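Every number for a ligand or one of its atoms is a count from 1 in the order of the listing. Given the structure is predicted, the values throughout are model-derived calculations rather than measurements.
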Amino acid sequence: MGKGVLLIISGPSGSGKGTIVERLVSDLGYSISISATTRSPRPNEKDGVHYFFKTKESFEKMIDDEELLEHACFCGNYYGTPKRYVEEQLEAGRNIILEIEVQGALQVKEKYNDAVLIFTMPPTLTELRRRLENRGTEDKETIDKRMKRAEEELEYLPKYDYLVINDTVDEAVKDVDIIVKAERMKCSRNPELKKKFKGDVC
Ligand code: 5GP
């Protein structure tokens, strides 16, 4: 059936969206877009796997050369989605995930009206803080900054198509996959289908 779904998954850091996305890729065959960023790698992160890590100058060159589908500044660093890979995957009929923050998500929706925007949240903000603290990768100041940012991001919820509460990862992964399956069955995404049934009557 037609083109793949351009799926955007946003949500505060610590909402577990990264784990949901990993499972959609490893268990269900979704493609993922690897972003470029100017943030420094965390200890377990590899260039070209988790992100393409860039200097500010080389990131700004990507913007000037129109290589990015969208980009945004988040907590003092640039993040952006390389355009070419996303377009290739959609043409090949594959579902592709962009795990990006709200400003970028809205830029993509402007260009691709049929992009599907999903916002993920843990059951409560208290649980969000607990998950950030347990992760142990950020200091208290960064966690406070990310909690504040989470509340700001929640203001954008009405612009999203779906909210998925990440209480257990298994359920959240299933919920996202159900949404994508339903999206792929939309008549508006499959205008060629009426031809398939024409002339099919005895
Ligand atoms: P982190 O530094 O925790 O990896 O990511 C910080 C935020 O940037 C997250 O909300 C993540 O989804 C978002 N992000 C990652 N890649 C991109 C991107 O290419 N574009 C935009 N707009 N946001 C991104």
At less than 4.0 angstrom from any non-hydrogen atom of [X], what atoms of ligand 1 do you find?
{"X": "G104", "answer": "22 (N)"}
{"X": "R39", "answer": "1 (P), 2 (O), 4 (O)"}
{"X": "A72", "answer": "22 (N)"}
{"X": "R146", "answer": "1 (P), 2 (O), 3 (O)"}
{"X": "G80", "answer": "18 (C), 19 (O), 20 (N)"}

Closest heavy-atom approach to atom 1 (P) of ligand 1 among F52, F74, Y51 is made by Y51
- request: Determine whether more than 12 heavy atoms belonging to other residues, nucleotides or ligands lie under 6.0 Å from atom CD of E152.
  value: yes
- Query: Contact between Q107 and ligand 1, counting heavy atoms under 4.0 Å?
  - Reply: no
**Prompt:** Does H71 have a heavy atom less than 4.0 Å from any atom of ligand 1?
**Reply:** no
The reported gap from NZ in K174 to CG in L28 (rounded to nearest 0.5 angstrom) is 11.0 Å
Closest protein heavy atom (residue, atom, distance) for [atom]:
{"atom": "atom 23 (N) of ligand 1", "result": "E101 N, 3.1 Å"}
{"atom": "atom 16 (N) of ligand 1", "result": "S35 OG, 3.0 Å"}
{"atom": "atom 9 (C) of ligand 1", "result": "K17 NZ, 3.9 Å"}
{"atom": "atom 11 (C) of ligand 1", "result": "E99 O, 3.9 Å"}

Is there a nitrogen or oxygen of [X] sitting under 3.5 Å from a nitrogen or oxygen of ligand 1?
{"X": "E70", "answer": "yes"}
{"X": "R135", "answer": "no"}
{"X": "E153", "answer": "no"}

Logged contact type for Q103 with ligand 1, heavy-atom cut-off 4.0 Å, is neither
Quick look: R149 vs ligand 1, heavy-atom contacts under 4.0 Å, and the answer is neither
Assess the side chains of Q103 and E101: does a donor N or O sit below 3.5 Å from an acceptor N or O?
yes
### Between E183 and Y162: side-chain donor-acceptor atoms closer than 3.5 Å
yes
Run the salt-bridge test on K109 and D161 with the 4.0 Å N-O cut-off and return the result as yes or no. yes
Does K3 pair with E91 as a salt bridge, N-O distance under 4.0 Å?
yes
